[in-house]
Amino acid sequence: TTRSPEFLGLDKSADMFPQSDSVGDVIIGVLDTGVWPESKSFADTGLGPVPATWKGQCESGTNFTSANCNRKLIGARFFGNGYEATLGPIDESKESKSPRDDDGHGTHTASTAGGSVVEGASLFGYAAGTARGMATHARVAVYKVCWLGGCFSSDILAAMDKAIADGVNVLSMSLGGGMSDYYKDSVAIGAFAAMEKGILVSCSAGNAGPTSYSLSNVAPWITTVGAGTLDRDFPAFVSLGNGRNYSGVSLFKGSNLPGKLLPFVYAGNASNSTNGNLCMMDSLIPEKVAGKLVLCDRGVNARVQKGAVVKEAGGLGMVLANTAANGEELVADAHLLPATSVGQKNGDLIKSYLSSDSNPTATILFEGTKVGIQPSPVVAAFSSRGPNSITPDILKPDLIAPGVNILAGWSGSVGPTGLSTDPRRVEFNIISGTSMSCPHVSGLAALLKAAHPDWSPAAIRSALMTTAYVAYKNGQKLKDTASGKDSTPFDHGAGHVDPVSALDPGLVYDLTSEDYLSFLCALNYTASQITSLARRRFSCDSNKKYSLNDFNYPSFAVNFDTTQMINGGSSVAKYTRTLTNVVGAGTYKASISGQLTGVKISVNPQVLNFSQAKEKKTFTVTVTGSSLPINTNAFARLEWSDGKHVVGSPIAVSWT
Amino acid sequence: QKQDKKTYIVHMAKSQMPASFEQHVHWYDSSLKSVSGSAQMLYFYDNAIHGFSTRLTPEEAELLENQPGILSVLPELRYELH
């Protein structure tokens with residue numbers, strides 16, 4: 001990626017991060033669509049021998065041999081038995097029956113996590129700079145589990161099974177399914193086994209935002225990553241015949257529009273179909289769009305396909321307008337014709353012009369790449385949101401990372417739009433999604449693993465979460481694209497990742513395999529369900545009281561049952577946590593901040609004295625809630641600080 | 001009948017393997033063959049779970065679920081890229 005290293009402070013703090021030797025011992029496994037091994041992001045210049053711990057392989061298949069692996073890309077496998085059992089034999093004329101990536105997504109995620117340094121990277125000149133993964137010296141192993149027809153759980157589980165045996169240290173999974181209970185969800189099941197082997201599993205939160213309860217991958221042994229913006233934009237203005245300009249974004253590169261205003265038409269008025277405004281395939285009447293700019297509404301079909309439809313019908317350019325479903329979120333695309341995407345407000349104003357002017361005209365002005373955009377980061381509207389629908393007592397997502405307009409490596413067998421009609425081939429592409437934020441965290445976790453080889457996956461996640469930030473440098477709270485207002489822990493979790501601070505968190509909330517088993521007991525899982533997950537006999541102790549409130553998670557989700565709070569009564573919830581000191585002696589003081597209407601929060605003790613590293617101290621948080629209407633939420637933040645370190649935890653209080 | 005088959009992930013209680021078997025994969029295969037003569041394993045799992053995946057009819061899946069040593073027989077789910 002070309003901007004996120006600077007945005008995350010990796011460039012200015014290079015001397016704080018571990019040396020290449022130790023990072024070179026860390027292996028990131030990526031489950032995705034495979035890899036384009038010829039990408040410069042997988043060059044192995046300067047890397048030492050493959051770690052002795054590595055037991056994986058570079059499997060051969062369609063247009064892929066073991067010679068495609070090297071000291072960077074140390075493993076490549078593919079898993080298609082489940083896919084073929086359901087959909088029939090893989091058509092090797094359409095997709096490679098091998099680890100080769102015919103889609104681009106897997107190359108993008110793998111290079112984001114652990115790609116080598118590539119100078120002079122860009123997409124058609126956009127986002128130009130030196131591209132690098134988050135952990136440039138880490139090794140990458142790819143496990144192809146997603147095919148043209150989708151990703152099947154039997155294949156995903158087989159890949160996780162192999163990745164664990166191969167010896168990966170971090171698993172990066174930018175995929176998700178529905179909202180199954182943990183014992184039915186193959187990703188959660190496989191991640192549990194990985195966690196027990198000391199492997200940190202980082203998963204995307206999903207792109208079903210801004211709807212509440214839209215998260216996937218919410219198991220507490222998974223690090224769940226939402227998406228935020230960078231401080232970079234690709235402006236492309238719509239200039240109307242009435243002299244007004246409206247801002248949008250675009251990655252179009254090619255023959256620009258004629259240097260004059262063009263006739264402008266709304267797609268809904270250039271079609272005989274009921275959904276003509278959406279620019280679906282074959283929906284536009286060529287006579288009504290030829291030689292014109294066309295405004296299409298976003299939704300249903302792919303954004304880039306709408307451009308292809310306009311082009312096919314003879315249109316010269318496209319304005320893509322968001323509707324209420326996407327609000328003001330702007331996602332830039334490498335359209336096949338001159339095109340720009342505008343937010344709902346601008347889209348409505350442009351449509352108003354189109355309907356009121358008898359001879360509407362417009363043009364698009366492409367401005368290239370701009371950096372330093374503020375505020376940033378802003379939570380992406382598409383990023384899935386809490387509360388956690390499986391276990392409301394665990395706050396998810398865990399944190400956010402860059403996931404909007406991310407440049408990274410791409411497959412050589414598909415164009416930047418992914419359309420079969422796109423003949424262009426690029427080394428790098430710019431795309432968006434929590435798929436893109438997940439590998440950022442995977443790579444950063446690899447850096448932390450190298451710096452602190454003895455830390456558990458839970459300790460690494462804790463460091464990433466408790467040092468995440470929730471306010472801009474000017475003190476204002478992080479914003480949410482969807483609402484335009486302050487974002488909440490249900491949107492950003494613990495906040496935006498800050499890897500420099502995460503290297504030295506001071507204290508961590510650690511968790512062991514036994515803690516996770518106790519968590520399952522607290523959920524009243526049956527012995528059979530626990531055995532499925534734990535792969536060994538485990539019975540909950542009938543004499544022991546298991547409580548979700550004592551589960552040592554680095555965040556707090558408090559749920560008050562309004563039916564128990566009738567007649568103005570209040571309710572009290574107590575939470576126990578244990579902090580482990582990972583530096584020298586220190587005295588930490590607790591503070592609570594945030595929206596405290598209807599809720600009182602106290603911490604006991606308020607001071608924790610640590611005299612040495614690895615020392616553990618326990619404290620209690622008491623949350624007293626007044627009787628408030630159902631669906632009310634309040635948010636606060638607990639911070640422990642010794643003056644140097646700040647160990648922050650979000651607190652989300654819900655009246656349900 | 002083939003069209004009725006779906007992929008299932010079968011979770012086994014590895015510790016309950018009868019002494020007559022030397023390897024878990026043989027026990028898993030024997031359990032599978034007890035409900036379907038034609039079913040083949042798609043994958044044998046030993047690290048992420050203990051078990052295997054296979055294609056079964058719903059009736060065969062129900063029969064298998066009641067065999068000794070079977071923890072669960074879960075239908076395959078489809079996931080999507082984010």
Side-chain angles (χ1 to χ4, degrees), chain A residues 32-33 79 81-82 84-86 103 105-106 109 145-146 149-165 174-178 180 183-187 189-194 197 203-207 216 384 433-438 528-529 531-533 535-537, chain B residues 1-18 23-25 27-29 31-32 36 38-58 60-62 64-82:
Chain A
D32 212 296
T33 60
F79 301 85
N81 292 357
E84 288 190 310
T86 300
D103 178 281
H105 191 279
T109 54
V145 295
C146 292
C151 327
F152 289 78
S153 58
S154 59
D155 294 328
I156 292 169
L157 202 54
M160 297 181 87
D161 199 80
K162 274 286 184 218
I164 293 167
S174 292
L175 49 81
S180 307
Y183 67 92
K184 293 180 184 170
D185 177 355
S186 291
V187 169
I189 293 167
F192 192 96
K197 297 277 186 187
C203 289
S204 45
N207 301 335
S216 55
S384 287
T434 53
S435 273
M436 284 66 246
S437 56
C438 165
S528 172
Q529 288 163 347
T531 306
S532 282
L533 271 161
R535 305 167 326 285
R536 64 178 182 272
R537 270 189 179 172
Chain B
Q1 192 182 12
K2 191 178 177 184
Q3 286 178 334
D4 290 339
K5 289 197 172 188
K6 290 197 297 189
T7 302
Y8 291 88
I9 296 171
V10 183
H11 291 250
M12 305 286 292
K14 192 173 178 179
S15 62
Q16 292 179 28
M17 183 176 80
Q23 291 186 13
H24 290 94
V25 67
W27 174 43
Y28 298 172
D29 194 50
S31 300
L32 176 59
S36 170
S38 61
Q40 302 286 319
M41 281 192 206
L42 296 172
Y43 294 105
F44 161 72
Y45 307 106
D46 202 38
N47 300 296
I49 66 165
H50 293 150
F52 60 94
S53 49
T54 187
R55 300 277 291 174
L56 298 169
T57 65
E60 289 168 344
E62 201 175 329
L64 185 60
E65 201 156 25
N66 294 321
Q67 297 294 309
I70 306 285
L71 292 169
S72 60
V73 180
L74 300 173
E76 171 156 84
L77 297 174
R78 200 183 280 211
Y79 289 70
E80 61 179 21
L81 294 164
H82 283 155

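The contact between Val187(A) and chain B is made by backbone and side chain atoms together, counting heavy-atom distances below 4.5 Å. The parts of Thr531(A) that come within reach of chain B are both its backbone and its side chain, each placing non-hydrogen atoms under 4.5 angstrom from that chain. Ile189(A) touches chain B through backbone and side chain together, each having a heavy atom under 4.5 Å away. Both the backbone and the side chain of Leu42(B) come within contact range of chain A, each with at least one heavy atom under 4.5 Å from a heavy atom of that chain. Neither the backbone nor the side chain of Ala194(A) comes within contact range of chain B; no heavy atom of the residue lies under 4.5 Å from a heavy atom of that chain. Only the side chain of Ser216(A) comes within contact range of chain B, with heavy atoms under 4.5 Å apart. Heavy atoms closer than 4.5 Å to chain B are found in the side chain of Ser180(A), but not in its backbone.
Tested against Ile49(B) for a side chain to side chain contact (heavy atoms under 4.5 Å, CB included), the candidates Leu533(A), Asp161(A), Leu157(A) yield a single pass: Leu157(A).
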Review point. Going through the distances and angles, do His11(B) and Arg535(A) end up as a side-chain contact (heavy atoms from CB on, under 4.5 Å)?
Key: CA-CA 9 Å; His11(B) 291 250; Arg535(A) 305 167 326 285; over 6 Å; no
Exercise for review: Could you give me the CA-CA distance, side-chain angles and deciding distance for Asn47(B) and Met160(A), then say whether side-chain contact (heavy atoms from CB on, under 4.5 Å) is met?
Suggested key: CA-CA 8 Å; Asn47(B) 300 296; Met160(A) 297 181 87; over 6 Å; no
**Study point:** Pair Tyr43(B)-Asn81(A), side-chain contact (heavy atoms from CB on, under 4.5 Å): steps then yes or no
**Key:** CA-CA 8 Å; Tyr43(B) 294 105; Asn81(A) 292 357; 3.5 Å; yes
Review point. Step by step, would you call Tyr45(B) with Ser186(A) a side-chain contact (heavy atoms from CB on, under 4.5 Å)?
Key: CA-CA 12 Å; Tyr45(B) 307 106; Ser186(A) 291; over 6 Å; no
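Counting heavy atoms of neighbouring residues, nucleotides and ligands inside a 6.0 Å radius, atom CD of Gln16(B) exceeds 12 of them.
Among Val145(A), Asp185(A), Asp103(A), Thr109(A), the residue with the largest count of heavy-atom pairs under 4.5 Å with chain B is Asp185(A). Ranked by heavy-atom pairs under 4.5 Å with chain B, the first of Cys203(A), Ala193(A), Ser435(A) is Ser435(A). Most heavy-atom pairs under 4.5 Å with chain B: of the set Gly433(A), Cys146(A), Cys438(A), Ser174(A), this distinction falls to Ser174(A). Options Gly206(A), Ala191(A), Ser384(A), Gly176(A) differ in how many heavy-atom pairs under 4.5 Å they form with chain B, and the most are formed by Gly176(A). Note: Ser204(A) leads Gly190(A), Gly106(A), Ser204(A) in heavy-atom pairs under 4.5 Å with chain B.
Annotation: side chain to side chain donor-acceptor pair (under 3.5 Å) contacts of Thr434(A) (sequence neighbours excluded): Asn207(A). Take Phe192(A) and apply the ring pair (Phe, Tyr, Trp, His ring centres under 6.0 Å) test, not counting sequence neighbours, and it matches Trp221(A). Every residue was checked against the salt bridge (charged side-chain N to carboxylate O under 4.0 Å, His left out) condition with Lys184(A), not counting sequence neighbours, and none meets it.
With rounding to the nearest 0.5 angstrom, the OG atom of Ser154(A) is 5.5 Å from the CD1 atom of Ile9(B).
Interface with chain A: from residues 72-82 of chain B, residues Ser72(B), Leu74(B), Glu76(B), Leu77(B), Arg78(B), Tyr79(B), Glu80(B), Leu81(B), His82(B) qualify, criterion being any non-hydrogen pair under 4.5 Å.
In this structure the side chain of Arg536(A) never reaches within 4.5 angstrom of the side chain of Lys14(B), judged on heavy atoms.
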